[in-house]
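Below, all heavy atoms of this structure are taken into account, side chains as well, without hydrogens, waters or symmetry copies.
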Amino acid sequence: MKGLQQSQVDSFKAEFGGDVILPQDSNYDEVRQIWNAMIDRKPGMIARCTSAEDVVKAVNFGREHELLISVRGGGHNIAGKALCDDGLMIDLSLMKQVKVDPDKRLALVEPGCTLEDVDAATQKHGLAVPMGINSTTGIAGLTLGGGFGWLSRKLGMTIDNLVSANVVTADGRQLLASQANEPELFWGLRGGGGNFGIVTQFEFKLHPVGPDVLSGLIVFPFEQAKSVISQFVNFTASAPDDLSVWMVARKAPPLPFLPESVHGKEVIVLAICYAGDPADGEKLIAPLRQFGTPVGEHVGVQPLVAWQQAFDPLLTPGSRNYWKSHNFTQLSEAAIDTAIEYAGTLPTEQCEIFIASIGCATCLPAADAMAYSARDAQYVLNVHVRWESADDDKRCIAWAREFFDKTKPFASGGAYINFLTDDESERTESAYGETYGRLRQLKKQYDPNNLFRVNQNIKPA
């Protein structure tokens with residue numbers, strides 16, 4: 001913020017509708033906190049927007065004074081892109097309104113909403129949009145990067161269900177992007193991250209789901225890992241699109257349905273969600289129990305909103321987190337063996353390796369139908385390393401990078417940009433693959449000076 005005069009700050013505060021937070025304010029540290037405690041940047045100013053007009057004023061102020069700009073939605077991004085040092089953080093977290101039209105099956109969602117906010121509003125009507133698996137995730141970042149979760153095999157990615165978006169561009173214009181209006185911008189928003197503007201309202205297509213779903217966990221001892229994971233791969237290759245089964249390798253938390261003898265020990269978990277009739281789901285998941293000899297199970301019919309929050313206790317804010325991720329079109333025996341090897345050497349009790357089974361509806365759009373192009377991915381592997389002390393940074397990050405390198409030969413092209421960490425900017429181009437050149441042209445059109453660059457950045461052509 002060097003060179004900015006106090007009179008200019010005062011003028012902005014006077015015309016801005018929301019709160020302007022400065023480093024000397026008592027709530028500054030609280031407001032700048034984000035989910036990943038590894039990221040500790042200090043903006044020179046935080047503009048807490050309450051409307052699209054506030055966003056326009058903040059963008060114009062940042063551009064006119066040549067400030068570095070970051071944008072916060074839910075603040076859950078692993079790379080911590082919500083924060084910048086010494087610049088302007090445009091904070092959307094107060095914009096949390098959700099409007100549902102149950103007759104048209106549409107929802108208007110503001111960018112400060114979390115997945116919990118969206119679920120709470122839509123599930124009142126037995127409707128849902130496919131989103132992620134942690135209810136505290138922000139809808140804005142999730143959507144702009146792609147978005148997948150328990151309902152994606154059946155209903156596609158979050159971007160596949162985006163109908164329109166209200167966008168503030170780098171020059172301060174407010175545009176409506178859809179298939180009919182600004183179609184090229186709409187193409188780029190669906191997977192292009194925050195590169196092309198700030199979305200102030202998302203319009204989503206909704207689907208009848210819930211309010212109850214069959215869901216839960218089946219837990220196997222680690223010595224059965226090879227059998228369980230191999231059968232998991234075979235099973236998910238032909239499972240119906242209503243059924244999502246994900247594999248998680250981690251040390252067992254002290255859950256009440258698990259015997260104390262496995263608490264703190266490595267286990268293999270199958271996480272299940274069936275989006276159809278629970279009676280049909282019970283028949284479909286019966287074979288999963290035969291993959292080995294389970295040490296515990298907690299499966300039943302529960303509200304979708306409860307299942308969407310089931311993993312929240314393992315993902316609370318304030319810990320240090322580092323991820324590494326690959327896409328796979330298939331999981332070979334060598335890839336499985338490598339995952340098992342590293343699952344046996346997890347650096348802390350909070351770490352995990354998960355393999356999300358997607359495919360089905362996520363593969364239906366063409367690779368160039370929107371910015372997100374990795375439509376051949378059948379599985380997404382994410383290595384989630386989590387710890388408490390900065391003293392463990394080097395050890396934990398080294399372990400994740402080593403596992404990532406060992407599994408790279410088995411991975412397919414592309415990457416999920418929402419899983420890229422702050423040190424992986426070199427993967428941005430390969431993450432987009434064949435759409436990257438078109439995205440650079442789009443960036444040149446809508447943000448030629450790269451005002452929005454605190455992200456997995458696409459540089460203007």
K.L.:
Looking only at side chains, do Ser319 and Glu388 share a donor and an acceptor under 3.5 Å apart?
P.N.:
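Yes, side-chain donor-acceptor contact under 3.5 Å.
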K.L.:
How long is the gap from CE on Met45 to CG on Asp25, to the nearest 0.5 Å?
P.N.:
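Reported to 0.5 Å precision, the distance equals 10.0 Å.
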K.L.:
Checking Asn195 against Asn457: is there a side-chain donor and acceptor pair closer than 3.5 Å?
P.N.:
yes
K.L.:
Is it the case that atom CD in Glu30 sees more than 12 heavy atoms from other parts of the structure closer than 6.0 Å?
P.N.:
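Open.
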K.L.:
Starting at NZ of Lys324, measure out to CD of Glu402 and round the result to the nearest 0.5 Å.
P.N.:
12.5 Å
K.L.:
Taking the inter-plane angle between the rings of Trp150 and Trp307 on a 0 to 90° scale, is it parallel (under 30°), tilted (30 to 60°) or perpendicular (over 60°)?
P.N.:
tilted
K.L.:
Would you say the side chain of Pro130 lies within less than 4.5 Å of the side chain of Phe148, judging by non-hydrogen atoms?
P.N.:
no
K.L.:
Decide whether Glu184 and Gln441 meet the rule of one side-chain donor and one side-chain acceptor closer than 3.5 Å.
P.N.:
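There is no such pair between these side chains.
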K.L.:
Taking everything shown except His65 itself, do over 12 heavy atoms lie less than 6.0 Å from its NE2?
P.N.:
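Yes, enclosed.
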K.L.:
Atom CD1 of Ile358 and atom CZ of Arg153: how far apart are they, to the nearest 0.5 Å?
P.N.:
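One gets 9.5 Å once the value is rounded to the nearest 0.5 Å.
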K.L.:
Could you check whether Ser135 and Gln309, counting side-chain N and O atoms only, form a donor-acceptor pair closer than 3.5 Å?
P.N.:
no
K.L.:
In terms of side-chain geometry, is the basic nitrogen of Asp40 or Arg32 positioned less than 4.0 Å from the acidic oxygen of its partner?
P.N.:
yes
K.L.:
Check whether any side-chain heavy atom of Phe196 sits under 4.5 Å from a side-chain heavy atom of Leu144, and report yes or no.
P.N.:
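No - every pair of side-chain heavy atoms lies 4.5 Å or more apart.
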K.L.:
About how many Å separate NZ of Lys459 and CD of Glu429, when rounded to the nearest 0.5 Å?
P.N.:
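Rounded to the nearest 0.5 Å, the CD-NZ separation comes out at 10.0 Å.
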K.L.:
Does the side chain of Ser7 come under 3.5 Å of the side chain of Asp10 through a donor N or O and an acceptor N or O?
P.N.:
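The answer is no; no qualifying pair exists.
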K.L.:
In this structure, are over 12 heavy atoms from other groups packed under 6.0 Å from Lys444 atom NZ?
P.N.:
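No, NZ of Lys444 has 12 or fewer neighbouring heavy atoms, counting only those of other groups under 6.0 Å.
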K.L.:
Side chains of Ile159 and Thr143, heavy atoms from C-beta outward: is any pair under 4.5 Å?
P.N.:
yes
K.L.:
Report yes if the side chains of Ile46 and Tyr28 come closer than 4.5 Å at any heavy-atom pair, otherwise no.
P.N.:
yes
K.L.:
Which distance, rounded to the nearest 0.5 Å, do you find between the OG1 of Thr362 and the NZ of Lys154?
P.N.:
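Result: 15.0 Å between the selected atoms.
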K.L.:
Check Asp392, Asp393, Asp391 against Arg395 for a salt bridge (Lys or Arg N to Asp or Glu O under 4.0 Å) and give me the one that passes.
P.N.:
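Answer after filtering Asp392, Asp393, Asp391: Asp392.
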K.L.:
Roughly how far apart are Leu381 CG and Phe354 CZ, rounded to 0.5 Å?
P.N.:
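If we round to the nearest 0.5 Å, Leu381:CG and Phe354:CZ are 8.0 Å apart.
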K.L.:
Are the side chains of Ser325 and Val380 in touch, meaning some heavy atoms are under 4.5 Å apart?
P.N.:
yes
K.L.:
Counting only heavy atoms not in Glu66, do more than 12 fall under 6.0 Å of its CD?
P.N.:
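No.
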K.L.:
Taking the side chain as C-beta and beyond, is there a heavy-atom pair between Leu451 and Val59 under 4.5 Å?
P.N.:
yes
K.L.:
Could you tell me which non-hydrogen atom of Arg427 sits nearest to which non-hydrogen atom of Phe404, and how far apart they are?
P.N.:
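Heavy atoms of Arg427 and Phe404 come nearest at NH1-CE1, 3.5 Å.
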K.L.:
Would Arg320 pass as a cation-pi partner of Tyr322, given that its NZ or CZ must be under 6.0 Å from the six-membered ring centre and within 45 degrees of the axis?
P.N.:
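No, a cation-pi geometry is absent between Arg320 and Tyr322.
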K.L.:
Is the shortest side-chain N to carboxylate O distance from Arg375 to Asp160 below 4.0 Å?
P.N.:
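Salt bridge: yes.
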K.L.:
Does one side chain, of Arg386 or Thr348, offer a donor that lies under 3.5 Å from an acceptor on the other?
P.N.:
no
K.L.:
Are the side chain of Gln378 and the backbone of Thr329 linked by a donor-acceptor contact shorter than 3.5 Å?
P.N.:
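Pair absent, no side-chain N/O of Gln378 close to backbone of Thr329.
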